[in-house]
Structure formats: structure tokens, C-alpha cells
Amino acid sequence: MHMDINEIIKPENLVYTKPRLMNDNPMHYCPGCSHGVVHKLIAEVIDEMGIEEETIGIAPVGCAVFAYNYIDIDWIEAAHGRAPAIATAVKRLNPKKMVFTYQGDGDLAAIGTAETIHACNRGENIAIIFINNGIYGMTGGQMAPTTLEGMKTSTCPYGRNVALNGYPLRIAELVERVDGTCYVTRQSVHTPAAIRKAKKAIRLAFENSMAGKGTSMVEIVSTCNSGWKMSPVKANQWMEEHMFAKYPLGDLKNV
Amino acid sequence: MKEDIKLMKGNEAIAHAAIRYGADGYFGYPITPQSEVMETLMAEQPWTTTGMVVLQAESEVAAINMVYGGASCGKAVMTSSSSPGVSLKQEGISYLAGAELPCLIVNVMRGGPGLGTIQPSQADYFQATKGGGHGDYHLITLAPASVQEMADFVALGFDLAFKYRNPAIILADGIIGQMMEKVVLPPFRKRRTEEEIREQNPWAALGKPKDRKRNVVTSLELDPAIMEQNNIRFQATYKRISENEVRFEEINCENADYLIVAFGSMARICQKTIELAAEEGIKVGLLRPITLWPFPSEAVARQADHVKGILSAELNAGQMVEDVRLAVNGKVRVEHFGRLGGIVPTPDEVLAALKEKLM
């Protein structure tokens, strides 16, 4: 029996669809990368909260520099590391709008550390989505502040040596201690259960921002299978074994 | 109506003028000799009256990026600093130019290089007029020579910035920032509503209504063919600004035998110099560029047709003199006189230099 697609996909049969706010632009992310999943969660949260007309995203420099190509809202593309300063002004000048930054670990934890700490310390009513994959992806896999001890990258080809390069920087633990943050959590998107929890965290961060509770940071420990030179499956396993040991998942602060 | 006349510092005039202009935001970081701008704003608390946001940032880098954020929403936003701080802002200024964003920057110059001195200087002429950060761009550069002009150029700077979607800079120095003069404060203008901003700046990232495409404020374009077109568009804007916005003042230039070209505080000193010269029977005119970019090249060239020599007097080692020489194109002798490192010359010193170098 021949069935038309509209006969198959009836509202009662529909279990999943592409988020309405994700557009059809082909993604530049590598297959297996966590960015795409996190983009999807943000698009779903904005749609479900009904705030697409009030939301302004701040894109970073790094792999997510083109985030503005994929989620159908207004965007501002920041200079490297400066997204929290930009978000500060956008939110203060437009207090009723939803303002969030989307930043990687090079952007947020190296060049933008000052902007991050001080936006958090002022308790800016913004949400910071922080992708931590322990490497500079866009520029070809160099060492990040978050690179694990012994982990090999193109600028620490023999492994990160703490005597030479210092220690992996735990940003969530740092901003948890800062009085302006209301919610600091570390999540991942490597399993369906983790994705559901990450989405809840993003939703709470967005709700906090709209309620004026202070700064929320959702760190998402992510894979960069290309930079790590692993298959997507192997990257997920490696992340669970190594990244989660240094960057344990869960809420650090929720007030 | 009774005029609103006050006695105040140039830096204070900037702050009052910003509130009265209806500026939406100021973002700054303390540095001598311009800290009175933010101090005055914080004391005035405009957030309780006009709704203007004033924020002390963690650095000049953050402050200029706050300006970038506010400008991206189509808001009238500004920052101020002094030379070392303005160097830190150059990254953000380049991004503002690249994203075609209007804003106002104030540089109350002090002597450099490096940490230099807190005394006045005009050594950031190149930085302000030739770009300053990376890439091919220009800032609309206004050079006030009085506290009155500090107040007036806030509105002028914002208006030009929005007219051309390009950052404007007020290039003052420690003398203009710190000295007190009478000033007629401009009338209050209402801050624009979000509806007005959306209408006047359809490019602004203020949240996407269902009936338009998303707005993306960015200076990034990886396709070189498109990036070249972007640059060609920027250059067309700079050409329009150059054709329409040159401003200068000429004092006693008719029948002058010699010409001094000077801007800002140096122009004030040279006003006295040309008086002293007249007492000695030497006819010296003063051409004061008000816009340093676009530079009044044609006005300078016209003077070169009838004077015997031109002196470019600056508080630096010879920066504007390059633009004067380009304008004069070899027609007459052009010499430079400058004091460096925060030293301010007397009118007599300038006259002596003119006689020595040109007569």
C-alpha cells in the first residue's frame, strides 16, 4: 500500500522534528563534533520559551564563529574573547531582551578570561554557553588552556607539560566562586540522557537571565574528534575517560 | 530662552553634552587626563533621568567592546580614554569600522610612547587619522580647540557617525580636557525609542521580528570576492565623507605672507602667535583643521598659492605636517615645529620658530 508522507507524519505520529529556528544552511562543523547538538538545544530552548523575537546571540571567534548562520535569530559576531563585554552592553541597554554568548575554550578561557570573570562578577543577566573541548579547533588543533596534562596538540606535540604550559584551567570552578553568578553547571552531549540534561541546563540559564538573577554559565564538555584525531565514537569514549576526570559533570552552583 | 552657560573642564563638558545629546550608553576605564568624563557621568547619574547607561569596564578593551555591543543594537554609545588606553581600544575600533558601526570615541591625548607622561600631547595624530588598528579604514576625526567645542562635537560626532555608519573620534589633548572655560551647554534631546532605532537603523541586532531576515552584525567574510566588495563599499563611504564633511577655520589668512597650520590646543597658542607677529609687522594667517580626517587639503592648497611658507605647529615630532606637505605638493616650503613629551610651547617660541625656519 502506497502512503503519502503527510499520511505517515500525522501530528500524533510525530516524535521528532528539526527545531523550527534551525535553518537549512549546511553546517561547517566536522561530523561527530558537539557544536551541532548544542546549537540544536539552544534553538529548541528559544523556541519553547517563545523568545525568538527578543533574543540576541553573541558569536565567538573559533569554530562557532559561524553560529549566526544556523540559528534564525539576530546575532552579533564578537572579537576573540570579547563576547561577555559585548553581551554586557547589549543586555544593559536592552534589559528585557534575552542575551547569550556562545564561546569555546580558547575564546573564553584564554584571550577572554578577563571579560568572562568580570561579566560574571558584575552579575550580568546573561547566559554564557561554554564549549570546552580542550583544544583550538578552528585554527587546526593547538593547545588550549583547557588541554589536559599529557594531551598532544600541534603546539604541544609531545603532550602538555605542566612545567612548561601550566595546568588545565577549570573555568566553571573559577566562576562558581564569583559572587555574581547564580548558576554554574557542567554538562555534556555525548548520550541521549546527557543531551536532555544539557537542554534543561540551557533552559534554566535562559530563564535566570530573563528573571534577572545574575550570570549563568553552562559549560559543555565536548569532543573535537578532528582535533583529537579520533573517530567520533572513540572521541566520546576518550572524553568520558579523560575529560570527565578533570572536568566532572554536574551543577557547581544553583542559587 | 536663557542660555545654559557654565564654567567647566573640557572633560566635564563631554559628559554633560553626552547626557544632553540623548546618548544611550557610556563605557569607560579610568586614565589620566580624562577621568573626569566618567566621574562626571557617575555623579550626574543619568540612568535616573534620561535612562543613559554608564558603566566602568574592567579594561579599555572591554569598554570598546561594550561600545561595539551597544552600537550593534543601533544605540548611541561612546567611550573615552587617553593615549595608552586608546591603543588598547584599537582592536575594537577596527571591528567597529569593519562592521560599519556608528559610535563616538574620545581621546584626550597625553605624551608617549609607552606609558609616557600624563602631560598633553598631539602624538596620536597618525593613529587617529590613518586608521590605528588593522585594515583599511578611517575614523571621522574631530579636533576641538575649546571647551565649547568639546561640548559641541559630541552631537556632531554622533550625528556624523550615524549618518555614515562609521566610528567618529574626538581627538583632544590634556590641555583641552583639563582647562576650564565658559561653555554654552546644548539643549536636551530625547533618547531614541526602540521603534525609532529599528526604523532608522534597520541593520541593528535588536531581536528578529517574524517579518524580516535575521540581522547579523559582523566584520567577518571569508570569501575574498565579497570581502573586496565590502572594502570597496567602505572606501566609497570614506570618499563621501571626504567630499562632504571637511571642516576648518581660517584666521587672518587673507593677504597673509606666512601660514601656520595647527589644531586643538596648539591652534589656541598659535592664535596668540599670529597676534605677536602682526605687532612686528609680519602677516601670518592661521588655518585650523577641525576635521583632521577628512583633512582640509584643498583649503591648505589654496593658501599655498599666495603665502611664502607654511609652518605646521604640533605637539609631536611631525605628524600632521605630512598631510600639509601632501596638500601643498611642493608649491611652497613647509616646515614643522613641535614640542615633545608633554612640553607645551609659548606663542613666542612658535613665532621664533617661524622666523628661523621660514624667513
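These values consider heavy atoms only, across backbone and side chains, with no hydrogens, waters or symmetry-generated copies. Letters A, B, ... mirror the listed sequences (proteins, then strands); counts begin at 1.
- With a 6.0 Å radius and a threshold of 12 heavy atoms from other residues, nucleotides or ligands, Gln200(B) has its CD atom above the threshold.
- The environment of Tyr29(A) atom OH is dense: over 12 non-hydrogen atoms of other residues, nucleotides or ligands sit within 6.0 angstrom.
- Contact annotation for Ile51(A): neither backbone nor side-chain heavy atoms come within less than 4.5 Å of a heavy atom of chain B.
- Atom CZ of Phe126(B) sits in a crowded spot, with more than 12 heavy atoms from other residues, nucleotides or ligands closer than 6.0 Å.
- Ranked by non-hydrogen atom pairs under 4.5 Å with chain A, the options Leu206(B), Leu55(B), Thr218(B), Val61(B) are led by Leu206(B).
- Residues Val77(B) and Leu93(A) come closest through the heavy atom pair CG1-CD1, 3.8 Å.
- Scanning both residues, Ala89(A) and Phe27(B), for their nearest heavy atoms gives CB-CZ, 3.7 Å.
- Scanning both residues, Arg92(A) and Val53(B), for their nearest heavy atoms gives O-CG2, 3.6 Å.
- Once rounded to the nearest 0.5 Å, the distance linking OG1 of Thr55(A) with NZ of Lys208(B) reads 11.5 Å.
- The SG atom of Cys73(B) lies 9.0 Å from the CG atom of Asp74(A); values are rounded to the nearest 0.5 Å.
- By the 6.0 Å contact criterion, CG on Asp179(A) is open, its count of non-hydrogen atoms from other residues, nucleotides or ligands being 12 or less.
- Closest of all the heavy-atom pairs between Arg214(B) and Trp75(A) is CD-CD1, 4.4 Å.
- Per-residue counts of heavy-atom pairs under 4.5 Å with chain B were compared for Ile76(A), Ile117(A), Asn69(A); the largest is that of Ile76(A).
- A salt bridge is defined here as a Lys NZ or Arg NE, NH1 or NH2 lying under 4.0 Å from an Asp or Glu carboxylate O, and Glu194(B) with Lys96(A) fails to meet this definition.
- Contact record, Ala79(A) with Glu91(B): CB-OE2, 3.8 Å, taken as the closest heavy-atom pair.
- Environment of NZ in Lys200(A): sparse, with no more than 12 heavy atoms of neighbouring residues, nucleotides or ligands closer than 6.0 Å.
- A salt bridge links Glu53(A) to Lys210(B): at least one charged side-chain nitrogen sits closer than 4.0 Å to a carboxylate oxygen.
- For the options Val61(A), Ile58(A), Asp72(A), Thr88(A), heavy-atom pairs under 4.5 Å to chain B are most numerous at Asp72(A).
- The distance from atom CD of Glu77(A) to atom OG of Ser72(B), rounded to the nearest 0.5 Å, is 10.0 Å.
- Contact of Ala83(A) with chain B is not made at all, since no heavy-atom distance falls under 4.5 Å.
- To the nearest 0.5 Å, atoms OH (Tyr95(B)) and NE2 (His80(A)) are separated by 8.5 Å.
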>> Run the side-chain contact (heavy atoms from CB on, under 4.5 Å) test on Val90(A) and Lys75(B) for me, step by step, so that the C-alpha distance in whole Å, both residues' side-chain angles and the decisive distance to 0.1 Å come before the verdict.
In response: CA-CA 9 Å; Val90(A) 174; Lys75(B) 305 275 183 178; over 6 Å; no
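- Heavy atoms of Ile64(B) lying under 4.5 Å from chain A are absent altogether.
- Contact annotation: the side chain of Phe66(A) approaches that of Leu220(B) to within less than 4.5 Å [non-hydrogen atoms, C-beta and beyond].
- Residue Ala71(B): no heavy atom, backbone or side chain, is found under 4.5 Å from chain A.
- The number of heavy-atom neighbours closer than 6.0 Å to CD of Gln45(B), taken from other residues, nucleotides and ligands shown, is above 12.
- The two residues Gly69(B) and Ile86(A) come nearest to each other via the heavy atoms CA-CG2, 3.5 Å.
- Going from atom CG of Leu222(B) over to atom NE2 of His28(A) covers 9.0 Å, rounded to the nearest 0.5 Å.
- Counting non-hydrogen atoms of neighbouring residues, nucleotides and ligands closer than 6.0 angstrom, the CZ atom of Arg20(A) exceeds 12 such neighbours.
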